[in-house]
K.L.:
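Handing you this structure, nothing more for now.
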Amino acid sequence: MSIVATIEMDASADLRDLHAWLTQDHELRAWVELVESPPPDGALGPVADLVQIAVESPEVVAGVASVIIAWLRFRRGDVKIKIRNTRSTSQVDVSVTRVRALDGAHLGELVEQIKRAISGEPPAELPPDGGAGG
């Protein structure tokens, strides 16, 4: 049985971009889906609501976490991302401006927080400058 993790953002374009990054990895492509809602009146296309990940193995979790961190590090402007597991209360909120400034140790801690959120494990406490909250 798979566990589903979701990634939410305010901007539909950012969700589409993250989905593209995730599906470029041929090992992750089968586990990732972009969930859209019908276009509002007068709009030309559907609205991206969230990226959904079927978590089948620790390898999928690690791959998704790595891609998310890489994607965040290349973002410009303010991007906030919410990662949560649909079968638990585990959630991580990340801001791109914080991720860019993280040193190696804090970046590793953030990767672990993202893995825990995707897997549905309870969040561990990060240091105050750790870049995430849960």
K.L.:
Any salt bridge (charged side-chain N to carboxylate O under 4.0 Å, His left out) involving residues 33-44? Give me the pairs, sequence neighbours left out, ordered by first then second residue.
P.N.:
Arg16-Glu36
K.L.:
Using every non-hydrogen atom in the two residues, find where Ile83 and Ala117 come nearest and quote the distance to one decimal.
P.N.:
O-CB, 3.8 Å
K.L.:
Taking the side chain as every heavy atom from C-beta outward, state whether Val51 and Thr6 have any pair of such atoms under 4.5 Å apart.
P.N.:
no
K.L.:
Which pair of heavy atoms, one from Val32 and one from His19, lies closest together, and at what distance?
P.N.:
CG1-CD2, 3.7 Å
K.L.:
Go through the structure and list residues passing salt bridge (charged side-chain N to carboxylate O under 4.0 Å, His left out) with Glu112, not counting sequence neighbours.
P.N.:
Lys115
K.L.:
Rounded to the nearest 0.5 Å, what separation is found between the CD atom of Gln113 and the CD atom of Glu121?
P.N.:
10.0 Å
K.L.:
Contact between Gln52 and Leu50 at the side-chain level, heavy atoms closer than 4.5 Å - yes or no?
P.N.:
yes
K.L.:
Just so I know, are the side chains of Ile81 and Leu18 near enough to count as touching, which here means a heavy-atom distance under 4.5 Å?
P.N.:
yes
K.L.:
So, using side-chain contact (heavy atoms from CB on, under 4.5 Å) as the criterion, who are the partners of Ser37 when residues are at least two apart?
P.N.:
Val47, Asp49
K.L.:
List in chain and number order the residues that pass side-chain contact (heavy atoms from CB on, under 4.5 Å) with Val60, two or more places apart in sequence or in another chain; answer none if no residue qualifies.
P.N.:
Leu28, Trp31, Ile53, Ser57, Val64
K.L.:
Output yes when a side-chain donor or acceptor of Ser12 lies under 3.5 Å from a complementary backbone atom of Ala48, and no otherwise.
P.N.:
yes
K.L.:
I want to check something: taking the side chain as every heavy atom from C-beta on, are Ile7 and Arg84 in contact at a cut-off of under 4.5 Å?
P.N.:
no
K.L.:
Tracing side-chain links under 4.5 Å among I, L, V, M, F, W and Y, which residues wind up in one group with Leu44?
P.N.:
none
K.L.:
Which heavy atom of Pro40 sits nearest a heavy atom of Gly45, and at what distance?
P.N.:
CD-O, 4.5 Å
K.L.:
Considering all heavy atoms of both residues, which atom of Ser119 and which atom of Asn85 are nearest to each other, and what is their separation?
P.N.:
C-ND2, 3.4 Å
K.L.:
Checking Asp17 now: which residues fulfil side chain to side chain donor-acceptor pair (under 3.5 Å) with it, not counting sequence neighbours?
P.N.:
Trp71, Arg75
K.L.:
To the nearest 0.5 Å, what is the distance between CG on Leu72 and NZ on Lys80?
P.N.:
13.0 Å
K.L.:
If you measure from CG on Leu22 to CD1 on Ile68, what distance do you get to the nearest 0.5 Å?
P.N.:
6.0 Å
K.L.:
Check the hydrophobic clustering (I, L, V, M, F, W, Y; side-chain heavy atoms under 4.5 Å; chains of links allowed) and say if Phe74 and Ile114 are grouped together.
P.N.:
yes
